[in-house]
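Just follow the structure's listing: the first ligand is 1, and inside any ligand the first atom is 1.
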Amino acid sequence: MSHEPVNPHSTLSISILSGKGGVGKTNLALNLAYALYRANHKMLVMDFDVGLANVDVLLGVSPEKNLQDLLKPGVTPADVVAQVEPGGFDFLPAASGVPELLELDEDMRDSVFTKLNTVLGEYDYLIFDLGAGIGKTVLSLASMTRMRILVVTPEPTSLTDGYAVIKVLKNQHNITDFLVVVNQATNTKEGQLTFDRLHGACKRFLDLDIGYLGVVHTDSNVPDAVRRQVPLIKHAPKCRASQDILSLAIKIGRFRAESKPLLAQKAILKKITNA
Ligand SMILES: Nc1ncnc2c1ncn2[C@@H]1O[C@H](COP(=O)(O)OP(=O)(O)O)[C@@H](O)[C@H]1O
Ligand SMILES: [Mg+2]
């Protein structure tokens, strides 16, 4: 990883979303975080896949407290944020299987971010691992972050569902910037073709250009790392999928380094808390 000079006072918030479930969002969120952490960035992964928490499972940790506890009086971010790796890789566990939290209403969302406000600016990146689909929580969180990464696979259902996410965010939230990652591609060409197909639909029906962040190949090391509950890049740093995710992390790092004016700490916190 390159060590780009970055503004120490900027926090880049990124949401990871998808139309269809099981396309690889959580793996991508964790491994991007791990890659950037290894390049000396301070990372916070926030599991917002409420009801289906799985960042903790992929990490093999069972945190005592979670997002829901943060809503209780007297509970501070320090009580809830768990350390994944020392010195800059933290994670905020979702509330798992709690029906009343399946949708985080606006008040809850605001109190979560008001509490987190004191710590968010300490991180270089905030990565929101969101649920699949177009639920209220997903849409509201996705429209708060500075960057949105939509994960699709070459399967037609993943593409049509991914297109639906873009359409709703554009039409209902005026969001027009999306970066696409094609996961589980057989080869680079299939990744590009999949992106071209999605881009074509966005252009034709929404008059929208989307960006291509890149491809992650299908790699048996991914399920292997999941079974071992270790981030892929830690488990198999040289494998194809790890190399792919490292390239994506480098691009994201470059984006952060190049977009300083938009990313002044105050501005990003304001955007996160007042969206
Ligand atoms: N690049 C890949 N190659 C092979 N298997 C993958 C890849 N990405 C994801 N998977 C498999 O898909 C499963 C679902 O991934 P996950 O990150 O949990 O998806 P999501 O968070 O979108 O539901 C993982 O358990 C893993 O086995
Ligand atoms: Mg997930």
Does the N or O separation between G24 and ligand 1 drop below 3.5 Å for any pair?
-> yes
Which of the ligand 1 atoms, numbered from 1, are nearer than 4.0 Å to a heavy atom of Q184 = 1 (N), 2 (C), 6 (C), 7 (C), 8 (N), 9 (C), 10 (N), 12 (O)
Given that the side chain starts at C-beta and the backbone is N, CA, C, O, which of these parts of A241 lies under 4.0 Å from ligand 1, counting heavy atoms, or is it both or neither?
-> neither
Nearest non-hydrogen atom to atom 2 (C) of ligand 1 belongs to which of V222, V55, L232?
-> V222
Distance filter under 4.0 Å to V226 heavy atoms, resulting ligand 1 atoms = 25 (O)
Residues forming a side-chain hydrogen bond (donor to acceptor under 3.5 Å, both in side chains) with Y34, sequence neighbours excluded = R38
Give a yes or no on this: more than 12 heavy atoms of other residues, nucleotides or ligands lie within 6.0 Å of atom NZ of K203.
-> yes
Do L248 and L28 touch side chain to side chain, with heavy atoms closer than 4.5 Å?
-> yes
Above 12 or not: heavy atoms from other molecules or residues under 6.0 Å from NZ of K170?
-> yes
Logged contact type for N183 with ligand 1, heavy-atom cut-off 4.0 Å, is side chain
Check whether any side-chain heavy atom of M46 lies under 4.5 Å from a side-chain heavy atom of L120, and answer yes or no.
-> yes
Where does the angle between the aromatic ring planes of F113 and F128 fall among parallel (under 30°), tilted (30 to 60°) and perpendicular (over 60°)?
-> parallel
Do ligand 1 and L58 have nitrogen or oxygen atoms that lie under 3.5 Å from each other?
-> no
Mind checking whether S18 has an N or O less than 3.5 Å away from an N or O of ligand 1?
-> no
Flag T26 as yes when one of its N or O atoms lies below 3.5 Å from any N or O atom of ligand 1, and as no otherwise.
-> yes
Can you find an N or O of V23 that's nearer than 3.5 Å to an N or O of ligand 1?
-> yes
Donor-acceptor contact below 3.5 Å, side chain K251 vs main chain L213 | yes
Under 2.8 Å: N/O/S of N27 next to the Mg ion (ligand 2) = no
If you draw a 6.0 Å radius around CG in N171, do more than 12 non-hydrogen atoms from other residues or ligands fall strictly inside?
-> yes
Hits for side chain to side chain contact (heavy atoms under 4.5 Å, CB included) against N27, two or more places apart or cross-chain, chain-then-number order -> N31, L58, V222, V226
Determine whether more than 12 heavy atoms belonging to other residues, nucleotides or ligands lie under 6.0 Å from atom CG of L208.
-> yes
N27 heavy atoms, cut-off 4.0 Å: which ligand 1 atoms fall inside?
-> 15 (O), 16 (P), 17 (O), 24 (C)
Ligand-side contact atoms (ligand 1) for residue partner G22, heavy atom cut-off under 4.0 Å | 14 (C), 19 (O), 20 (P), 22 (O), 23 (O)
Polar-atom distance check: T218 versus ligand 1, any N or O pair below 3.5 Å?
-> no
Strictly under 4.0 Å, does any heavy atom of K20 approach an atom of ligand 1?
-> no
